[in-house]
Amino acid sequence: MRNYLFLSLSALIVASLSGVARADDFTIGGDARAFAMGGAGVATNASSGGATRNNVASLAFDKGNVRVYAPNFGLRQQGAVKKDKGLDYLLGLGSLGSAAKLVRDFGSTDSTFGLNASAGLRVGHLEVLTNAVGVGKVRRNGNQADVQIDGAYALPSVGFAGVIPGQKGRMKLAVGGRLKYANVVYSHLIVDSNGNATPAPEMNGRETETSQGVAADLGLMWKEDEGPLSFGIAVSNLIKPRGSNPNTSTLVTAAS
């Protein structure tokens with residue numbers, strides 16, 4: 001009953017606070033349990049999925065002094081594009097040739113594919129991570145197909161959280177922040193029915209656009225002492241690198 005109450009309340013809070021939710025989103029931060037709960041991991045302090053977490057404020061409630069996160073790696077595919085083909089395209093940074101080949105082989109069906117990888121170390125309530133995430137999309141539009149790649153890696157990503165002192169009662173409020181030095185790659189190519197690929201208009205003739213800079217996340221969490229209730233608010237990319245391409249979904253400011 002306690003677990004059911006926790007899951008229900010967490011899902012309700014996240015659903016009511018969710019600002020951005022898309023099936024093909026990839027976020028730097030998150031784990032399998034959170035995805036299985038429909039994103040309700042924003043209100044949990046577990047990081048059983050590895051080095052990533054949905055809410056940096058959850059660090060304040062972690063127990064134990066030191067934890068090493070083993071490297072984690074995941075692939076995702078939806079549609080006609082196979083995982084290995086999608087991985088080849090992402091690692092090739094969305095070149096004109098690979099985009100044309102991808103569409104010739106699989107362009108008849110809209111597809112989304114991606115990868116994520118992470119590793120890190122936690123000491124007390126301080127966490128140092130490396131994260132990488134990439135997503136590719138093939139979207140049919142009449143006799144043409146749009147092919148996009150959007151990826152980022154953070155090296156390093158440093159998070160810290162603490163419980164606000166002087167609080168009374170069973171519910172405790174914690175606040176946390178994460179700074180990420182983000183390297184972002186974006187590409188948008190248009191492939192015609194003959195397999196000819198050209199950059200989309202916003203690319204200004206370039207196959208890819210890259211940017212670097214500091215990004216930051218913010219998290220709040222209210223948690224009951226020795227109880228099942230917890231509530232969370234997480235703002236991803238509250239601060240974004242200056243001059244970054246607004247089309248990159250990995251750097252969308254999103255509140256959950």
Side-chain angles (χ1 to χ4, degrees), residues 19-30 35 39 52 72-118 130-155 180-213 215 236-237 240-254:
V20 175
R22 301 188 318 187
D24 56 3
D25 273 353
F26 273 78
T27 305
I28 298 180
F35 284 121
T52 54
N72 296 273
F73 183 77
L75 289 170
R76 182 181 182 187
Q77 168 269 330
Q78 182 177 0
V81 175
K82 303 303 181 184
K83 291 181 180 179
D84 58 340
K85 298 297 183 182
L87 180 60
D88 290 343
Y89 178 72
L90 290 171
L91 295 179
L93 297 181
S95 68
L96 293 172
S98 61
K101 185 176 187 303
L102 196 73
V103 171
R104 281 198 299 267
D105 292 345
F106 305 106
S108 60
T109 303
D110 290 352
S111 300
T112 301
F113 48 93
L115 63 88
N116 63 282
S118 61
T130 59
N131 291 285
V133 61
V135 61
K137 304 174 186 177
V138 179
R139 294 287 184 266
R140 175 62 67 178
N141 183 16
N143 293 326
Q144 296 180 331
D146 288 352
V147 184
Q148 296 185 47
I149 179 175
D150 180 24
Y153 63 92
L155 180 66
K180 305 172 287 189
Y181 186 78
N183 297 266
V184 184
V185 179
Y186 175 74
S187 178
H188 182 190
L189 307 175
I190 297 175
V191 185
D192 63 24
S193 57
N194 296 319
N196 300 313
T198 57
E202 77 270 16
M203 299 301 298
N204 297 315
R206 295 186 293 269
E207 292 185 30
T208 59
E209 288 188 356
T210 61
S211 60
Q212 299 84 31
S236 300
N237 303 309
K240 297 186 289 186
R242 183 177 300 177
S244 57
N245 192 314
N247 296 297
T248 57
S249 64
T250 51
L251 287 182
V252 168
T253 300

Main-chain N/O of [Y] paired to [X] side chain as donor or acceptor, under 3.5 Å:
{"X": "S111", "Y": "T109", "value": "yes"}
{"X": "D146", "Y": "I190", "value": "no"}
{"X": "D192", "Y": "N194", "value": "yes"}
{"X": "S118", "Y": "T130", "value": "no"}
{"X": "D110", "Y": "R140", "value": "yes"}

Euclidean distance, [Y] [atom2] relative to [X] [atom1], rounded to 0.5 Å:
{"X": "S187", "Y": "L96", "atom1": "OG", "atom2": "CG", "result": "7.5 Å"}
{"X": "I149", "Y": "T248", "atom1": "CD1", "atom2": "OG1", "result": "12.5 Å"}
{"X": "Y89", "Y": "S95", "atom1": "OH", "atom2": "OG", "result": "7.5 Å"}
{"X": "T112", "Y": "R76", "atom1": "OG1", "atom2": "CZ", "result": "7.5 Å"}
{"X": "F113", "Y": "L87", "atom1": "CZ", "atom2": "CG", "result": "10.0 Å"}
{"X": "R139", "Y": "Q144", "atom1": "CZ", "atom2": "CD", "result": "16.0 Å"}

Is there a side-chain contact between N183 and T210 (heavy atoms, below 4.5 Å)?
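A side-chain contact under 4.5 Å is absent here.
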Counting C-beta onward and ignoring hydrogens, is there a side-chain heavy-atom pair between K85 and L102 closer than 4.5 Å?
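K85 reaches L102 side chain to side chain.
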Smallest separation among heavy atoms of [X] and [Y], with atom names:
{"X": "N237", "Y": "A215", "answer": "OD1-CB, 4.1 Å"}
{"X": "L251", "Y": "K240", "answer": "O-CD, 2.6 Å"}
{"X": "A99", "Y": "L189", "answer": "CB-CD1, 3.6 Å"}
{"X": "A100", "Y": "V191", "answer": "CA-CG1, 4.1 Å"}

Picking from K137, E209, E202, what satisfies side-chain hydrogen bond (donor to acceptor under 3.5 Å, both in side chains) with H188?
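For H188, the side-chain hydrogen bond (donor to acceptor under 3.5 Å, both in side chains) test succeeds with only one of K137, E209, E202, which is E202.
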